[in-house]
Number of protein chains: 2
Amino acid sequence: MAGRPRASSQGMLEEAASELFLEQGYAKTTIEQITQRAGVSRNTFFNYFGQKSELLWVELDASLKALTDALGAASDATPPLEAVEQALLATAAAFPAGRAPLVLTQHETMGIDDELRAAGLARALQHADAIELFLSCRLTGQDAALRSRAVALAVVGAAAAAVGRWAADGPAREPLADYVARAAHPVLTGFAIG
Amino acid sequence: MAGRPRASSQGMLEEAASELFLEQGYAKTTIEQITQRAGVSRNTFFNYFGQKSELLWVELDASLKALTDALGAASDATPPLEAVEQALLATAAAFPAGRAPLVLTQHETMGIDDELRAAGLARALQHADAIELFLSCRLTGQDAALRSRAVALAVVGAAAAAVGRWAADGPAREPLADYVARAAHPVLTGFAIG
DNA sequence: AGCAATAAATAGATCGCGTACAATAATGAC
DNA sequence: GTCATTATTGTACGCGATCTATTTATTGCT
């Protein structure tokens with residue numbers, strides 16, 4: 001009961017796209033060019049990606065899965081906000097200091113514009129949703145709903161700032177987790193005492 | 001030196017668009033339909049709006065101006081983080097409890113999807129940029145760049161959570177500034193002590 | 001082997017956003 | 001009146017994204 005196997009892998013499309021983005025920028029690269037270089041038909045692109053912008057955020061999609069896993073594995077004994085912090089650091093640990101996603105380091109030559117930033121932000125929102133879902137089950141008291149979402153969006157914002165700085169600091173930087181810790185810890189302590 | 005006066009006002013396009021969005025949703029409404037109802041040509045739309053999604057976030061654009069003004073008017077004597085909090089509250093004060101932007105309350109019937117959320121997030125990013133610019137001139141010490149951006153993104157995230165809750169709580173809610181205070185204050189105290 | 005069932009890949013068409021460029025209309029300055 | 005300036009309109013086009021139908025490749029059953 002298994003139909004035709006996937007011939008053109010998703011990775012080939014990503015590679016072809018990365019090359020073209022670096023050569024001539026994101027906006028000037030058409031989906032047709034990507035599929036031609038990958039040796040498949042144009043329509044095949046949409047079997048693997050819903051939108052062109054998804055090509056750049058594959059790494060972030062993986063990190064979303066890591067975050068939900070880490071949150072799901074959190075013990076009930078640890079305080080909720082601490083669990084969030086640990087899950088964030090564990091997720092960040094998957095990014096070694098040496099190699100950062102292309103979209104972060106090469107956004108200049110790729111000509112990343114608002115559309116791209118927005119697509120990245122949509123990914124960040126998914127991370128926030130995961131954290132909010134976790135917190136809304138653990139936090140109690142009045143304002144729990146507001147606090148859950150506020151914590152989630154605030155801490156994701158801080159983490160995004162950390163990622164941006166980390167990428168900008170070049171290959172000689174410290175691991176991403178250090179940056180995330182410095183940016184996110186104040187947020188969580190602030191909510192813990194307030 | 002004043003050429004042809006503007007005949008079709010921006011407000012008419014916004015009204016026509018709001019009607020159509022409520023009638024048939026955002027995605028199913030074309031720019032041509034909007035301009036037809038407003039009685040202008042399709043191209044005229046692009047004299048007033050760069051993209052279709054801008055129609056929904058006009059109120060947020062006004063709030064961005066209010067925020068930059070409030071930040072610019074901040075006295076040098078007040079601590080930077082306090083100045084940010086006061087500016088946020090002043091900006092939120094412009095939204096009375098009774099009337100919330102359509103996009104926030106009617107996003108269900110309008111069929112707001114990811115594209116729309118992303119467009120709203122792009123506006124939120126501009127708010128964060130304004131706060132970061134303010135802070136990067138005032139904060140000192142190592143990590144000032146990271147901290148400036150982390151504070152800005154985190155506090156804007158918290159404010160966004162407040163706006164979402166505020167809109168969801170219906171017309172009988174308290175003023176928006178109360179929500180923003182509850183969501184943003186922990187973030188700022190967290191960074192103040194950390 | 002032959003045959004259905006399933007699923008991927010392709011082809012072809014269409015819609016609508018957004019851009020570019022030229023042409024026209026309405027105003028004030030002279 | 002002429003001229004410069006600005007808004008509006010017309011026309012065309014590239015490209016992203018969706019849809020439907022068709023072809024191709026694989027598995028499992030007889």
Side-chain angles (χ1 to χ4, degrees), chain A residues 1-18 20-21 23-58 103 110-120 122-123, chain B residues 1-18 20-21 23-58 103 110-120 122-123:
Chain A
M1 297 266 195
R4 175 171 176 172
R6 308 207 147 194
S8 51
S9 79
Q10 180 166 331
M12 295 185 57
L13 284 167
E14 291 172 17
E15 279 179 38
S18 292
L20 287 163
F21 291 164
E23 289 172 16
Q24 54 186 6
Y26 173 84
K28 296 208 163 204
T29 301
T30 71
I31 294 180
E32 195 164 12
Q33 291 174 331
I34 298 170
T35 52
Q36 275 182 3
R37 184 167 294 200
V40 297
S41 144
R42 191 183 107 96
N43 278 346
T44 302
F45 175 86
F46 292 101
N47 291 347
Y48 293 97
F49 304 95
Q51 311 175 18
K52 181 183 171 189
S53 55
E54 277 185 30
L55 284 166
L56 289 169
W57 302 103
V58 185
V103 63
M110 286 185 177
I112 305 295
D113 54 349
D114 292 339
E115 174 205 349
L116 261 277
R117 287 177 56 166
R123 298 301 198 287
Chain B
M1 297 269 195
R4 176 172 174 171
R6 306 208 149 193
S8 52
S9 79
Q10 180 165 332
M12 294 185 58
L13 284 167
E14 291 173 17
E15 280 180 36
S18 292
L20 286 164
F21 291 164
E23 288 172 17
Q24 55 185 7
Y26 173 84
K28 297 208 161 202
T29 301
T30 70
I31 294 180
E32 195 164 13
Q33 291 174 330
I34 298 171
T35 52
Q36 275 181 4
R37 183 167 295 199
V40 295
S41 144
R42 190 182 105 97
N43 277 346
T44 302
F45 176 87
F46 293 101
N47 293 347
Y48 293 98
F49 304 96
Q51 313 177 24
K52 182 183 169 189
S53 57
E54 279 187 29
L55 283 166
L56 289 169
W57 303 103
V58 184
V103 63
M110 285 186 179
I112 304 296
D113 53 348
D114 292 340
E115 174 205 349
L116 261 276
R117 286 176 57 167
R123 298 302 198 286

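Rounding to the nearest 0.5 Å gives a distance of 9.5 Å between CZ of A/Arg123 and CG of A/Leu56. The structure places CG of A/Asn47 at 10.5 Å from CD of A/Gln10, a figure rounded to the nearest 0.5 Å. Going from atom OG1 of A/Thr29 over to atom CE of A/Met110 covers 9.0 Å, rounded to the nearest 0.5 Å. Summarising the geometry, atom CD1 belonging to A/Ile31 is positioned 12.0 Å from atom OG1 belonging to A/Thr44; distances are rounded to the nearest 0.5 Å. Note that the CD atom of B/Glu14 and the OG atom of B/Ser9 stand 8.0 Å from one another [nearest 0.5 Å]. Taken to the nearest 0.5 Å, the CD atom of B/Gln51 stands 13.0 Å off from the CH2 atom of B/Trp57.
Residues passing the side-chain contact (heavy atoms from CB on, under 4.5 Å) test with B/Glu23, sequence neighbours excluded: B/Glu19, B/Leu20, B/Arg37. Remark: A/Phe49 engages A/Phe45 in a ring pair (Phe, Tyr, Trp, His ring centres under 6.0 Å) (not counting sequence neighbours). For the side chain to side chain donor-acceptor pair (under 3.5 Å) test, residues two or more places apart in sequence or in another chain that qualify with A/Gln33 are A/Gln24.
End-to-end axis angle of the helix from C/dA1-D/dT30 to C/dC30-D/dG1, using five pairs per end and rounding to 10°, comes to 0°.
The side chain of B/Asn47 contributes no N or O atom lying less than 4.0 Å from OP1 or OP2 of D/dA7. The phosphate of D/dT9 has OP1 or OP2 within less than 4.0 Å of a side-chain N or O from B/Thr44.
Counting distance only, with no hydrogens placed and no angle test, the side-chain atoms of B/Arg4 and the base atoms of D/dT8 include no donor-acceptor pair under 3.5 Å.
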For nucleotides 13-22 of chain D, 5' to 3', base contacts (B), sugar-phosphate-only contacts (S) and non-contacts (-) with protein non-hydrogen atoms under 4.0 Å give --SBBBB---
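The shortest distance between side-chain heavy atoms of B/Phe21 and B/Ile34 falls below 4.5 Å.
Residues from residues 9-17 of chain A placing a heavy atom under 4.0 Å of any atom in DNA chain D do not occur.
Here A/Tyr48 lies in heavy-atom contact (under 4.0 Å) with sugar-phosphate atoms only.
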